[in-house]
Amino acid sequence: MENVSCGPVRPPGRRERNKQKVRQRLYSSALTLFAEQGYDRTSIDEIAELADVARGTFFNYFHRKEDLIGEWGQQRRALLRERLDAATPPGAYERAETRLRRCMTALADINEEERETTIAMLMAWAKAGRPLLEEPYACEVFEEIIAAGVAHGELGPELSPPRVSNVVRDAYLGVLHRWAQAGGTGVCLHTELESLLQILLHGVLRSGRPAGARPHDACGLRAPRGLA
């Protein structure tokens with residue numbers, strides 16, 4: 001069968017570039033206002049004014065204000081992947097434990113760098129009922145790391161990547177919300193996430209288990225080989 005080449009991907013034209021700029025300007029203006037005065041107290045009119053566009057232009061890019069929450073999640077997911085990929089040579093396998101630690105460090109960095117915005121968007125995400133409607137942006141990244149660890153024999157084959165990633169996700173969000181409730185101060189996010197990962201990797205019941213036994217629970221979550 002003959003291979004069909006699509007040729008090089010053409011860069012977007014001027015019209016498309018201008019549309020992307022307007023969309024990003026609306027998004028950036030919204031986040032600035034959310035961080036300054038809160039999601040609930042920010043109107044679409046204010047976002048459009050700060051972005052220097054007509055109110056109707058907003059609806060050419062976002063159907064409603066809540067769509068900015070989804071956009072925030074997508075851009076954070078892309079940023080997290082970018083930072084993880086930048087630290088790993090193309091095609092190289094990084095151990096699940098190492099990649100999970102790198103992932104938590106990247107998440108802590110991102111949240112700290114955008115402290116006010118993160119807190120505002122977390123509150124908006126919760127009030128909009130998003131925890132019941134969609135997965136947080138980091139969950140699929142956790143699942144990919146766990147699945148790769150199982151595939152490479154680093155983690156036990158009985159592990160369920162989706163189930164384990166949900167455990168990691170829930171624990172991560174718990175730490176993040178405590179950090180947000182403290183206003184991003186008084187709680188060291190890097191330290192808290194490192195401690196969380198230690199517990200998840202080594203297990204709460206590590207001490208006191210029978211000699212030679214490896215920690216596990218009903219969900220099949222157990223420490224990686226070499227860590228028990």
Side-chain angles (χ1 to χ4, degrees), residues 22-53 58 61-84 86-87 100-143 145 165-200:
V22 173
R23 180 184 178 87
Q24 185 59 37
R25 195 160 72 242
L26 281 165
Y27 173 74
S28 299
S29 298
L31 292 196
T32 296
L33 291 170
F34 293 161
E36 290 178 353
Q37 59 191 34
Y39 175 85
D40 290 339
R41 293 190 294 274
T42 298
S43 69
I44 291 176
D45 286 336
E46 289 174 314
I47 295 171
E49 182 178 354
L50 185 59
D52 195 25
V53 299
F58 177 92
Y61 298 91
F62 303 99
H63 295 299
R64 53 184 181 170
K65 191 171 73 168
E66 285 185 6
D67 291 346
L68 291 160
I69 303 174
E71 180 73 15
W72 176 71
Q74 291 177 14
Q75 294 209 15
R76 297 259 291 194
R77 182 184 297 110
L79 180 58
L80 175 59
R81 290 189 181 281
E82 178 183 310
R83 296 198 179 187
L84 287 175
L100 280 172
R101 293 188 187 283
R102 196 184 302 282
C103 184
M104 289 299 183
T105 297
L107 287 170
D109 288 341
I110 292 170
N111 288 312
E112 289 284 6
E113 290 165 8
E114 305 174 355
R115 180 178 302 178
E116 291 79 10
T117 300
T118 297
I119 293 173
M121 295 307 289
L122 279 175
M123 293 177 63
W125 184 66
K127 287 182 179 179
R130 295 301 180 93
L132 299 176
L133 301 174
E134 63 185 29
E135 292 287 348
Y137 68 92
C139 192
E140 66 180 33
V141 178
F142 294 147
E143 182 173 346
I145 295 173
S165 69
N166 284 336
V167 172
V168 179
R169 179 270 318 271
D170 292 346
Y172 162 68
L173 286 179
V175 171
L176 190 59
H177 280 287
R178 284 197 296 109
W179 171 82
Q181 287 174 347
T185 61
V187 176
C188 178
L189 200 51
H190 286 84
T191 300
E192 290 294 318
L193 291 179
E194 173 63 24
S195 298
L196 164 66
L197 202 54
Q198 281 292 107
I199 293 172
L200 291 175

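- Here the straight-line distance linking atom CG of L100 with atom CG of L200 works out to 9.0 Å at 0.5 Å rounding.
- Note on ring orientation: taking the six-membered ring where Trp is involved, the planes of W125 and H177 are parallel (angle under 30°, cut-offs 30° and 60°).
- Put simply, the side chain of K65 gets close to the backbone of T42: a donor and an acceptor are under 3.5 Å apart.
- At a threshold of 4.0 Å, the pair R41-E46 does not count as salt-bridged, since none of the basic side-chain nitrogens sits closer than that to a carboxylate oxygen.
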Using side chain to side chain contact (heavy atoms under 4.5 Å, CB included), reason through L193 and L197 one step at a time and then give a plain yes or no. CA-CA 6 Å; L193 291 179; L197 202 54; over 6 Å; no

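- With hydrogens and angles disregarded, no donor-acceptor distance shorter than 3.5 Å links the side chain of R169 to the backbone of C139.
- Side-chain atoms of R76 and T118 form a donor-acceptor pair, as typed in the model, at a separation below 3.5 Å.
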Report the C-alpha separation of L79 and R83 in whole Å, then their side-chain angles, then the decisive distance to 0.1 Å, and conclude whether the side chain to side chain contact (heavy atoms under 4.5 Å, CB included) test is met. CA-CA 6 Å; L79 180 58; R83 296 198 179 187; 3.7 Å; yes

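- Closest non-hydrogen pair, A182 versus V187, comes out as CB-CG2, 4.0 Å.
- Note: L26 CG to Q24 CD = 9.5 Å, rounded to the nearest 0.5 Å.
- Across all their heavy atoms, A171 and L196 have their closest contact at CB-CD1, 3.2 Å.
- Remark: M121 CE to F34 CZ distance equals 5.5 Å, nearest 0.5 Å.
- For the residue pair E36/T32, the side-chain donor-acceptor check at 3.5 Å is not satisfied.
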As a quick check of understanding, evaluate side chain to side chain contact (heavy atoms under 4.5 Å, CB included) for W179 and E112, giving each step before the final call. CA-CA 10 Å; W179 171 82; E112 289 284 6; 3.5 Å; yes

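- Minimum heavy-atom separation, G183 to I119: C-CD1, 3.6 Å.
- Closest heavy-atom contact between R25 and A51: NE-O, 2.7 Å.
- To the nearest 0.5 angstrom, Y39 atom OH is 7.0 Å from L68 atom CG.
- Looking at I145 and V168, their side chains never come closer than 4.5 Å, going by heavy atoms from C-beta outward.
- Between Y27 and W72 the shortest heavy-atom distance is OH-CA, 3.2 Å.
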Take L176 and L189 through the test side chain to side chain contact (heavy atoms under 4.5 Å, CB included) and record every step on the way to the result. CA-CA 8 Å; L176 190 59; L189 200 51; 4.2 Å; yes

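- Judged purely by atom type and a 3.5 angstrom limit, D170 has no side-chain atom pairing as donor or acceptor with the backbone of V167.
- The environment of Q75 atom CD is dense: over 12 non-hydrogen atoms of other residues, nucleotides or ligands sit within 6.0 angstrom.
- Here the straight-line distance linking atom CD of E71 with atom OH of Y61 works out to 12.5 Å at 0.5 Å rounding.
- In this structure, OG1 in T105 is found 7.0 Å from CD in E194, a value given to the nearest 0.5 Å.
- In this structure, A180 and L122 approach most closely via the heavy-atom pair CB-CD1, 4.0 Å.
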